[in-house]
Amino acid sequence: MFYSTKGGRIMSELTKLKISEALELLKNKKISAKELVTSHIEQMEKCKNLNAFITPTIDYALEQAKISDERIAKNEMRKLEAIPVGVKDLFCTKNIRTTAASKMLSNFTPTYESTVSQNIADNGTIMLGKTNMDEFAMGSSNTTSYFGNVISPWRGAEGEELVPGGSSGGSAAAVAAFASMAALGSDTGGSVRQPAAFTGLVGVKPTYGRCSRYGMVSFASSLDQAGVFTRSVEDAALMLEAMMGFDEKDSTSLNIPVPNLTKAMHESVEGLKIGVPKDLMEQDGIGRSVLDMWQHSIDILKSEGAAIIDITLPTAKYALPVYYVIAPAEASSNLSRYDGVRYTHRAEQEHMTLDEMYEMTRSEGFGEEVKRRILIGTYVLSSGFKDAYYTKAQKIRRLIANDFNNSFAKVDAVLLPTAPTPAFGINEKQDDPVAMYLNDIFTIPASLAGLPAMSIPAAMENGLPLGMQVISKALDEYSMLRVARGLERNIKIDFTPRGF
Amino acid sequence: MAPLLVMESDLLNSSAMIPFIQNLNKKIIYMITIEEVKQLSRLCRIKFSENETSSLVGKLQNVIGLIQQLQGVNTDGIEPLTSVVDASARTREDKVTIGNIDLFTNVPGKTASLAKEIKCFIVPKVVE
């Protein structure tokens, strides 16, 4: 898979390794951490035009590579030693600028590290940089970043630039372009799963409460979860084992042990019951190829010994409006802290009153989509409307969660597409917010119910990847990964973007 | 063009809805007005230009049209779901565990160096 030429390594081949392969080669001293990291730095440079990174951390990465090589020499390898990763710019990284892709935080340097990024660093991963994203995680195309759009490494049939998906578009682009072996993202309504589907990657959102939210810039507190992008299901299992775990500093963190997820890689799906929500398939706007992929995935799992059971999720069709009440409501509350006083952008105008400082700071500091969502959130929480909108949405949220609970009495996992279409052109869908919101239609139900959900690449449409989504019951990441691995084993498609 | 919808009767009777409802041909039209958008921007302390405000009316109307669909769902006897995990706060001993954090590293504005010196956040005068 890679070989020496004149005593050197073909650097580009090192970027094609899976995490499990790289760890083996490092352990056996066939490659060094320095080579692994350098090859990724070179790849980052080659695909700079994708704009996947807001803040590269090259010097830091090279220093860490030295430390990794020392540990490898002493046979003190950690679980993910020297694995080069991207970190979504939503995670506070100590002394390294963290912007949430917003002008509001464009000069913000955290004085502490997020728990999840600390967890993976403690396991030996090496951060190559902070990845680009939609501003404050609000978006599904990575076209709202203060630092410019992210371009997918995948191109359209006529070479058109495509979106990588969002909000974790930079992380997806970095991994799909082989500029990182894995990348942290965050998933509030689909922001890991949808970009994973658009870029041919594995993207996982664990059960709400599995990963600590300490140090994550908050968007919607009852929905936000750390997630991960990788190029294989096994790599995702390795990363998740490092990311998950109880954290005292997050009051919504679950105090339960981290499961052994890599064990799931060796189990077939025989005996598992897979629920297929036929009623969701009647949504408008689902492409033929997506429906074919879904049927093909059902056939694979059946042939592997799983039982296929029809289920219904009758309230899931309201997931989109429920989400677009709850998420903006929570966002309007969370983003009220950005006031220009303590650590953000501050408007500079002569003779401002305090109120004017707040207003000008927030007008200047926030982009259009963020302001729109804050306004919606303010609207649904305002006096006279709160019961009609917010409380109503919370009740329907319970109905959606109940639908899943009822299904999980009969099945171990639910199978449905991740997104209704493949990636679209960078300039499409910009004018109508609702058209953009429809990208999230399949991912939102699992977010509202706090369930573990993941996307795996399962088909191609006109040369572009499509993803299948697996949702399992709360805390059952094990079954979810088992099903994903069952699909992955049988999908013999190379999900490498043309030209990479 | 604002979407047409039929409202549940309890909402119809709510006094909060009256300023914003126009009764037309026995169907209720919900519209967001420019005044409402201005009021909302005041509430969330974001200043918009006149052009931005006008454009927002249309865009917000689209989203409101989307979320209006929820009104037709029967939620009798259902409790709101506020958290998917047990949300009761964990308590601990009232003791400082993380101290000595520099709060002024990122302090913004022309008064930043003064703020760092006196260890106070400096804002425009509020009280005369």
Side-chain angles (χ1 to χ4, degrees), chain A residues 107-109 111-112 208-209 222 251-252 254 315 318 320-322 324-325 332 336 339-346 348 352-355 357-360 362-363 366 371-372 374-376 378-380 382-385 388-389 391-399 401 432-434 437 449-450, chain B residues 11 14-17 19 32 36-37 39-49 52 56 59-60 62-71 73-75 78-90 92 97-98 101-110 112 121-126:
Chain A
N107 288 312
F108 175 65
T109 306
T111 50
Y112 64 100
Y208 182 86
S222 78
S251 64
T252 56
L254 296 169
T315 327
Y318 296 107
L320 198 73
V322 166
Y324 280 102
V325 169
S332 71
S336 63
D339 55 11
V341 176
R342 292 151 296 160
Y343 52 81
T344 61
H345 168 73
R346 178 189 286 206
E348 296 295 347
M352 289 185 298
T353 63
L354 183 64
D355 258 355
M357 187 186 85
Y358 291 154
E359 286 180 348
M360 296 303 302
R362 290 160 67 79
S363 307
F366 291 140
K371 288 186 209 171
R372 179 156 51 228
I374 292 174
L375 270 185
I376 295 166
T378 308
Y379 173 73
V380 303
S382 59
S383 160
F385 289 105
Y389 288 117
T391 309
K392 183 78 173 176
Q394 294 283 43
K395 291 181 180 181
I396 300 172
R397 182 178 186 177
R398 185 175 293 283
L399 290 177
D432 179 6
V434 174
Y437 295 167
Chain B
L11 284 173
S14 158
S15 60
M17 296 299 271
I32 188 161
E36 199 173 3
V37 173
Q39 189 198 346
L40 289 173
S41 24
R42 182 84 197 97
L43 281 175
C44 63
R45 297 294 189 274
I46 300 179
K47 196 175 182 66
F48 293 98
S49 69
E52 280 175 316
L56 269 167
K59 295 202 166 132
L60 278 187
N62 286 344
V63 182
I64 289 164
L66 172 70
I67 66 185
Q68 291 289 340
Q69 294 172 46
L70 298 177
Q71 304 311 321
V73 182
N74 186 347
T75 52
I78 304 291
E79 283 302 302
L81 180 67
T82 48
S83 177
V84 295
V85 302
D86 170 22
S88 49
R90 282 191 300 269
R92 63 178 177 91
T97 51
I98 306 173
I101 292 184
D102 182 359
L103 298 172
F104 297 91
T105 310
N106 293 291
V107 71
K110 297 197 194 119
F121 295 109
I122 299 176
V123 296
K125 196 188 258 193
V126 180

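Below, chain A is the first sequence line, B the second, and so on; all start at residue 1. Small disclaimer: the values here were computed from a predicted structure and weren't measured.
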Is there a side-chain contact between [X] and [Y], using heavy atoms and a 4.5 Å cut-off?
X         : Y         : result
Val84(B)  : Arg397(A) : yes
Val73(B)  : Tyr318(A) : yes
Val123(B) : Met357(A) : yes
Val325(A) : Leu70(B)  : yes
Ile46(B)  : Ser363(A) : yes
Arg42(B)  : Asp355(A) : yes
Thr75(B)  : Lys392(A) : yes

Looking at [X] and [Y], what are the two nearest heavy atoms and their distance?
X         : Y         : value
Cys44(B)  : Ile374(A) : CB-CG2, 3.7 Å
Ser41(B)  : Leu375(A) : N-CD2, 3.8 Å
Ser222(A) : Thr82(B)  : CB-O, 4.2 Å
Leu66(B)  : Pro321(A) : O-CB, 3.5 Å
Thr111(A) : Asp102(B) : CG2-O, 3.9 Å
Pro108(B) : Gly340(A) : CG-O, 3.4 Å

Measure distances from [X] to the heavy atoms of chain B and classify the residue's part below 4.5 Å as side chain, backbone, both or neither.
X         : answer
Thr378(A) : both
Phe366(A) : side chain
Val322(A) : both

Exercise. Could you give me the CA-CA distance, side-chain angles and deciding distance for Ile67(B) and Tyr389(A), then say whether side-chain contact (heavy atoms from CB on, under 4.5 Å) is met?
Key: CA-CA 8 Å; Ile67(B) 66 185; Tyr389(A) 288 117; 4.0 Å; yes
Quiz item: Does Arg362(A) use its side chain to pair, donor to acceptor, with the backbone of Arg45(B) at less than 3.5 Å?
Solution: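 Yes; judged by distance alone, with no hydrogens or angles, the pair exists.
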Quiz item: Counting only N and O atoms by type, is there a donor-acceptor contact under 3.5 Å from the side chain of Arg398(A) to the main-chain atoms of Glu79(B)?
Solution: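 Side chain of Arg398(A) to backbone of Glu79(B): a pair is present.
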Practice problem: Check step by step if side-chain contact (heavy atoms from CB on, under 4.5 Å) holds for Phe104(B) and Arg342(A). | Solution: CA-CA 7 Å; Phe104(B) 297 91; Arg342(A) 292 151 296 160; over 6 Å; no
To the nearest 0.5 Å, tell me how far [X] [atom1] sits from [Y] [atom2].
X         : Y         : atom1 : atom2 : result
Phe385(A) : Glu36(B)  : CZ    : CD    : 5.0 Å
Thr315(A) : Asn74(B)  : OG1   : CG    : 10.5 Å
Leu43(B)  : Ser383(A) : CG    : OG    : 9.5 Å

Quiz item: With no hydrogens and no angle check, do the side chains of Gln39(B) and Tyr379(A) hold a donor and an acceptor under 3.5 Å apart?
Solution: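 No pair is found: no donor N or O on one side chain lies under 3.5 Å from an acceptor on the other.
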Quiz prompt | Top contributor to chain B contacts, counting heavy-atom pairs under 4.5 Å, from Thr109(A), Ile376(A), Val380(A) | solution =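 Most heavy-atom pairs within the cutoff with chain B belong to Thr109(A).
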Practice problem: With a 4.5 Å cut-off on heavy-atom pairs, point out which of Glu52(B), Arg92(B), Lys110(B), Arg90(B) contacts chain A the most. | Solution: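 Of the options given, most contacts go to Arg90(B).
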Exercise. Using non-hydrogen atoms and a 4.5 Å limit, figure out which bit of Leu56(B) sits close to chain A: side chain, backbone, both or neither.
Key: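 When you check distances to chain A, only side chain atoms of Leu56(B) fall under 4.5 Å.
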Quiz item: Stepwise, does the side-chain contact (heavy atoms from CB on, under 4.5 Å) test hold for Asn106(B) with Asn107(A)?
Solution: CA-CA 8 Å; Asn106(B) 293 291; Asn107(A) 288 312; over 6 Å; no
